[in-house]
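These numbers come from the heavy atoms of this one structure, side chains and all, not from hydrogens, waters or symmetry mates.
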Amino acid sequence: MEKLKFTELNLSAEILKAVADMGFEEASPIQSLAIPKMIEGLDIIGQAQTGTGKTAAFGIPILEKINAKEKITQALVMCPTRELAIQVAEELKALSKYKRGVNIIPVYGGQPIFRQMSALNKGAHIVIGTPGRIIDHIERKTIKLDNVKTVVLDEADEMLDMGFRDDIELILKNLPEEKQTVFFSATMPREFLSLTKKYQVHPETIKVVHEKLTVPLIEQLYCEVREHQKTEALARCLDMYDPKLSLIFCNTKKKVDELAAQLQIRGYSADAIHGDMNQTQRDRVMDKFRHNKIEILIATDVAARGIDVDDVEAVFNFDIPQDIEAYVHRIGRTGRAGRTGKAFSFVAGRDIYKLRDIQRYTKVSIKRIPVPSLADVENVKISSFMEKLKEKLKQDTFEKYITKIESLITDNITSVDVAAALFEMMIEAENDKQHEDIDLNVNSFERDFSKRGRNDRNGRNERTKFGGRRHGAAEEGMTRLFINVGKNKKVRPGDFVGAIAGETGMNGNMVGSIDIYDKFTFVEVPKQNAQQVIDALNNSNIKGNRVTVEKAK
């Protein structure tokens with residue numbers, strides 16, 4: 001079915017703002033169908049699996065109906081497991097971000113019941129929990145159901161399989177006769193249907209079935225990282241696997257812009273595309289990507305529609321998508337026309353549960369891999385250069401250089417020594433070229449920000465970074481560090497950014513001004529990270545040089 005925009009669903013400004021913050025650009029099929037009917041007050045049978053966006057499908061209408069001034073429980077959501085109860089509560093809290101005074105309390109086994117009782121006593125508008133723990137609170141009179149207007153069974157078939165039928169019925173019998181019932185289930189077993197007949201009134205049936213994942217040539221991988229490590233992990237994967245063309249997906253337009261800027265600063269040929277750009281701008285970026293004028297395109301799901309480029313070798317989920325269909329559509333951009341492809345996902349925190357849902361319902365194994373180390377990346381570069389060298393040796397077109405090489409060979413210098421020295425010089429030259437690209441990209445990044453008229457904090461900060469020659473005291477909030485390598489060791493700003501990000505996990509754009517002199521360098525980092533950087537970098541290597549780091553005097 002055609003998806004609706006959230007702005008077409010007649011929602012409050014507070015919900016629309018929260019939805020935008022969460023990165024939802026449009027409603028999923030289950031949301032498009034369920035939200036209007038739930039707001040209308042109808043009973044609903046929804047056939048939908050985890051990963052279709054059903055939490056927002058029932059959560060948004062519930063939040064729209066809550067009267068925050070009345071400190072009474074107005075909605076009850078039953079879940080089969082504590083993990084799902086926590087997940088649902090977190091999503092509803094995010095959706096209610098701008099709805100002042102709405103109190104959402106999860107209750108489940110494994111957490112001290114007295115802590116939950118204390119939270120419930122303060123007044124819970126929405127209670128989300130497992131059936132057994134909900135009954136415990138009903139018996140203790142810490143949950144009162146007299147004013148519940150909406151009850152949701154989430155993953156009802158799972159609860160029935162786990163033997164919760166009696167508990168569910170006991171809870172439903174304690175609810176007011178006049179209420180809205182919303183039952184979601186991935187399957188429609190007989191036991192579930194008998195429950196709907198017994199407790200629902202003329203329910204509307206909504207059915208959303210997952211698309212099948214038919215991408216056998218795509219190798220699916222994931223890296224488990226912290227949120228602030230994603231950019232560095234992405235950079236290392238790009239360097240390690242060196243895809244010809246790459247698509248990177250983010251959940252929000254803001255993240256797309258930020259990541260494009262960070263990759264450009266690091267010297268990558270990258271650009272962004274999202275819904276805030278006009279059609280001419282989007283066409284221009286797409287034309288560059290199709291004709292290989294840029295190697296990396298960063299996009300939101302909506303903006304990526306219509307991207308039909310056969311040579312995409314890798315797709316990166318910088319953010320795990322909100323629903324499984326989005327994941328299927330994203331990774332399907334690679335491995336086209338009989339080619340192979342890779343799909344990488346960066347998983348932070350509770351995103352691991354989303355990834356498990358994706359694996360469960362697509363029945364495809366997604367292999368966990370470590371983030372490539374700096375040594376891994378260096379070895380790949382050397383191996384690549386070795387392959388090019390072997391190809392060159394086959395051509396036999398270098399006779400004019402043999403005499404010059406022979407003139408270098410003495411009793412103390414062998415042909416192997418000469419080859420090794422040339423090899424090192426070539427690798428250094430390649431690195432220097434990359435760093436020149438970084439310097440050029442910083443300048444173009446600043447020009448781009450000026451053209452767009454952006455005067456935000458990030459824009460101003462970038463102009464003081466990577467070689468801004470400011471002497472004396474560090475910028476407010478920053479600490480100036482002394483590092484004992486400089487121009488005579490052929491280091492560039494990107495070497496320090498990469499080392500700091502790689503060794504500490506800091507985001508590269510947190511690094512401030514970098515002043516490189518002949519024999520030493522000053523680098524500014526946030527005060528709260530200064531000691532971490534000193535400890536991590538001391539006695540490490542930057543471009544093959546052992547370094548010492550201390551606070552500048």
Side-chain angles (χ1 to χ4, degrees), residues 235-246 266-269 292-296 311 313-314 340 372-443 466-467 483-500 502-503 514-521 537-549:
R236 292 196 192 178
C237 286
L238 287 167
D239 291 344
M240 179 84 173
Y241 297 98
D242 194 26
K244 180 182 177 183
L245 290 178
S246 302
R266 287 169 178 255
Y268 295 97
S269 173
N292 295 356
K293 293 177 183 176
I294 55 171
E295 297 171 356
I296 300 165
D311 294 336
E313 293 183 355
T340 58
S373 66
L374 291 172
D376 292 333
V377 173
E378 187 68 22
N379 287 335
V380 166
K381 286 183 179 178
I382 291 171
S383 297
S384 174
F385 185 75
M386 288 285 282
E387 290 304 315
K388 291 176 183 176
L389 189 58
K390 287 176 185 176
E391 289 301 313
K392 188 68 179 174
L393 288 168
K394 289 177 185 176
Q395 295 172 15
D396 197 22
T397 57
F398 37 82
E399 285 186 13
K400 60 182 178 180
Y401 298 109
I402 290 175
T403 305
K404 296 184 184 297
I405 295 297
E406 286 176 340
S407 70
L408 296 172
I409 298 172
T410 66
D411 291 341
N412 296 321
I413 301 174
T414 67
S415 56
V416 174
D417 294 330
V418 175
L422 288 170
F423 194 100
E424 182 180 39
M425 288 170 67
M426 289 297 292
I427 292 291
E428 286 182 354
E430 180 64 25
N431 287 338
D432 285 346
K433 180 181 181 300
Q434 287 182 0
H435 292 310
E436 285 169 13
D437 290 342
I438 288 175
D439 292 339
L440 288 169
N441 272 287
V442 171
N443 291 333
F466 309 114
I483 304 177
N484 68 329
V485 291
K487 286 181 187 174
N488 61 357
K489 297 295 185 183
K490 296 183 179 179
V491 290
R492 298 291 184 100
D495 293 317
F496 296 101
V497 176
I500 291 170
E503 297 299 327
I514 299 175
D515 295 331
I516 304 177
Y517 297 89
D518 287 340
K519 295 183 179 179
F520 55 87
T521 298
L537 259 60
N538 255 325
N539 297 315
S540 67
N541 283 288
I542 294 181
K543 207 170 183 181
N545 302 290
R546 175 97 33 198
V547 299
T548 57
V549 186

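- V491 places a side-chain heavy atom less than 4.5 Å from the side chain of I542.
- Checked by atom type and distance alone, the side chain of T521 pairs as donor or acceptor with a backbone atom of V485 at under 3.5 Å.
- Judged by distance alone, the side chain of D417 and the main-chain N or O of T414 form a donor-acceptor pair under 3.5 Å.
- In this structure T548 satisfies the side chain to side chain donor-acceptor pair (under 3.5 Å) test together with N484, sequence neighbours excluded.
- V377 has its side chain out of reach of V380: every pair of non-hydrogen atoms, C-beta onward, lies at least 4.5 Å apart.
- The CG atom of D376 sits 10.5 Å away from atom SG of C237, with the distance rounded to the nearest 0.5 Å.
- Of the possible polar contacts, one joining the E313 side chain to the K244 backbone as a donor-acceptor pair under 3.5 Å is found.
- A donor-acceptor pair is defined here as one N or O able to donate and one able to accept, closer than 3.5 Å; such a pair exists between the side chain of Y268 and the backbone of A235.
- We find the CE-CD distance between M240 and E378 to be 12.0 Å, quoted to the nearest 0.5 Å.
- Remark: K489 NZ to N545 CG distance equals 5.0 Å, nearest 0.5 Å.
- Annotation: the span from S540 atom OG to L374 atom CG amounts to 9.5 Å, rounded to 0.5 Å.
- Residues I516 and F496 meet the side-chain proximity criterion, which asks for heavy atoms closer than 4.5 Å.
- Rounding to the nearest 0.5 Å places OH of Y517 at 14.5 Å from CG of N488.
- The main-chain N or O of R236 is never found under 3.5 Å from a side-chain atom of D239 such that the two would form a donor-acceptor pair.
- How far CG of D495 is from CG of N541: 12.0 Å, rounded to the nearest 0.5 Å.
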